[in-house]
Amino acid sequence: MITSNNLLAKIGIYIFLIIGVLLSIAPFYWMFVGSTLQSGEIFHLPPKLLPGTNLAENFQSLSESIGITKVFFNSMFIALTYTVVSTLISAMAGYAFAKFRFKGGNGLFFIILCSLMIPSQVTLIPLFEMMVSFNWLNTYQAIILPGLAAPFAIFLMKQNMKAVPDSIIEASRVEGAGEFRIFFSIILPMTRPALAAVAIFQFMGQWNSLLWPLITLNSKEMFTLPVALSSLIGMARIDYGQVMLGTTLATIPIIIFFLLLQKHFISGILGGSVKE
């Protein structure tokens with residue numbers, strides 16, 4: 001039987017959660033509303049809380065300013081390619097560190113963990129010089145390749161793959177399965193939550209990346225969304241309707257990607273807590 005005190009406590013919790021949800025959604029809602037308003041209307045007092053009628057005009061202006069269709073394609077292609085390849089590399093490295101014993105393995109893994117403490121800004125000049133020597137400036141590979149072997153992703157996959165029973169792997173080898181078949185047919189399906197967590201982190205990191213693409217890319221045709229949107233702020237006259245619309249378009253893929261993989265996300269993160 002539910003007592004009055006328990007009922008009041010539950011009501012208080014629900015009210016608190018509802019307020020939290022509204023506060024979390026409010027910036028996204030205002031961003032969407034702002035994308036439908038003229039630049040001057042965004043600063044109107046009291047603020048307009050209902051969508052306006054300027055969405056099509058803002059999209060046309062945004063297309064003329066930065067070529068939003070090409071820019072969106074660049075970001076999507078780079079982020080998806082990077083996510084798929086980086087997640088695969090991280091999974092293969094994690095499997096090797098977790099299930100194989102080889103000379104220097106512990107030392108190599110220690111070096112990978114130590115690289116997490118190196119600020120990314122320190123590597124910008126050496127990486128830029130490498131891109132110049134390879135003649136890769138203003139190309140997709142200049143953005144995708146340098147960060148494919150992500151140390152945190154390798155660590156997370158290693159910790160998750162340690163939970164896979166060695167007996168399953170040994171039984172597969174006895175049955176004649178090769179290492180690649182074991183990896184793709186047994187290991188990857190058993191570590192789907194970890195793969196989803198790594199994919200979310202990698203996609204979000206690459207999609208929101210600004211500094212390295214800003215250094216490497218020098219033509220509007222190759223710009224990613226963060227670089228293109230940053231160029232809007234540098235204009236003499238800032239059209240905040242365009243900025244709001246561009247930010248909205250940049251946010252939607254992240255939300256969709258997270259919603260598609262969210263059911264695996266928490267369990268994938270917790271899987272990294274397996275002890276040695």
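Worth knowing before you read on, the calculation uses all heavy atoms, side chains too, and leaves out hydrogens, waters and symmetry mates.
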### Query
Does atom CD1 of I125 have more than 12 heavy-atom neighbours, drawn from other residues, nucleotides or ligands, at distances under 6.0 Å?
no
### Query
Are F183 and L88 side-chain neighbours, meaning at least one heavy-atom pair lies under 4.5 Å?
yes
### Message
Quick check: do Q242 and I66 have side-chain heavy atoms less than 4.5 Å from each other?
### Response
no
### Message
Within the structure provided, determine whether I169 and I187 are in side-chain contact (heavy-atom separation under 4.5 Å).
### Response
yes
### Task
Identify which one of I11, L17, I13 satisfies the side-chain contact (heavy atoms from CB on, under 4.5 Å) criterion when paired with I15.
I11
### Query
Partners of E170 by side chain to side chain donor-acceptor pair (under 3.5 Å), sequence neighbours excluded?
R173
#### Entry: Passing option when F109 is tested against F102, F100, F97 for ring-ring contact (aromatic ring centres under 6.0 Å, His included)
F97
#### Entry: Contacts of W207 that satisfy ring pair (Phe, Tyr, Trp, His ring centres under 6.0 Å) - sequence neighbours left out
F72, F203
### Ring geometry between F43 and Y240 (parallel below 30°, tilted from 30 to 60°, perpendicular above 60°)
perpendicular
### Message
Side chains of S35 and L55, heavy atoms from C-beta outward: is any pair under 4.5 Å?
### Response
yes
### F59 atom CZ, over 12 foreign heavy atoms within 6.0 Å
no
### Query
For residues 215-227, which residue pairs qualify under salt bridge (charged side-chain N to carboxylate O under 4.0 Å, His left out), counting only residues two or more places apart or in two chains?
none
### Query
Which value, rounded to the nearest 0.5 Å, describes the distance between D239 atom CG and N58 atom CG?
6.0 Å
### Query
When hydrophobic residues are tied together by side-chain contacts of less than 4.5 Å, even through go-betweens, does V84 share a cluster with F258?
no
### Query
Could you give all pairs that pass the salt bridge (charged side-chain N to carboxylate O under 4.0 Å, His left out) test and reach residues 144-157, with sequence neighbours left out?
none
## Note on the structure
Students should find that the hydrophobic cluster of I118, defined by side-chain heavy atoms under 4.5 Å apart, otherwise consists of V122
#### Entry: With sequence neighbours excluded, residues passing ring pair (Phe, Tyr, Trp, His ring centres under 6.0 Å) with F128
none
### Query
What's the shortest heavy-atom distance between W212 and A142, and which atoms?
NE1-O, 2.8 Å
### Message
Check this for me: F28, atom CZ, are more than 12 non-hydrogen atoms of other residues, nucleotides or ligands nearer than 6.0 Å?
### Response
no
### Summary
Sequence neighbours excluded, the answer for ring pair (Phe, Tyr, Trp, His ring centres under 6.0 Å) partners of F32 is none
### Query
Taking a hydrophobic cluster as the set of Ile, Leu, Val, Met, Phe, Trp and Tyr residues connected by side-chain heavy atoms closer than 4.5 Å, whether directly or through intermediates, do L210 and L145 fall within one such cluster?
yes
### Message
With heavy-atom distances below 4.5 Å as the criterion, would you say the side chains of T53 and T36 are in contact?
### Response
no
### Message
With clusters defined by side-chain heavy atoms of hydrophobic residues (ILVMFWY) lying less than 4.5 Å apart, directly or transitively, does L116 cluster with L108?
### Response
yes
### Task
With the side chain counted from C-beta on, respond yes when V85 and I144 share a heavy-atom pair under 4.5 Å apart, and no when they do not.
no
### Query
Should side-chain heavy atoms under 4.5 Å link Ile, Leu, Val, Met, Phe, Trp and Tyr, which residues sit in the same cluster as I18?
L22
#### Entry: In one Ile/Leu/Val/Met/Phe/Trp/Tyr side-chain cluster, 4.5 Å: M76, I143
yes
### Test item: F152 and Q202 side chains (from C-beta on) under 4.5 Å apart, heavy atoms
no
### Summary
In this structure, CG of L245 is separated from OG1 of T247 (nearest 0.5 Å) by 8.5 Å
### All pairs passing side-chain hydrogen bond (donor to acceptor under 3.5 Å, both in side chains) where residues 88-103 contributes a residue, at least two apart
Y95-E179, K99-D166
### Message
Counting only heavy atoms from other residues, nucleotides and ligands, does the tally under 6.0 Å from CG of N135 exceed 12?
### Response
no
### Task
Count the heavy atoms belonging to other residues, nucleotides or ligands that lie under 6.0 Å from CE of M204, then report whether that count exceeds 12.
no
### Query
Tell me the side-chain hydrogen bond (donor to acceptor under 3.5 Å, both in side chains) pairs involving residues 105-133, sequence neighbours left out?
none
### Listed once per pair and sorted, the salt bridge (charged side-chain N to carboxylate O under 4.0 Å, His left out) pairs that draw on residues 28-47, sequence neighbours left out
E41-K48
### Query
Would V174 and F180 show up in the same hydrophobic cluster when neighbours are defined by side-chain heavy atoms closer than 4.5 Å?
no
### Task
Would you please name every residue forming a ring pair (Phe, Tyr, Trp, His ring centres under 6.0 Å) with F134, sequence neighbours left out?
W136
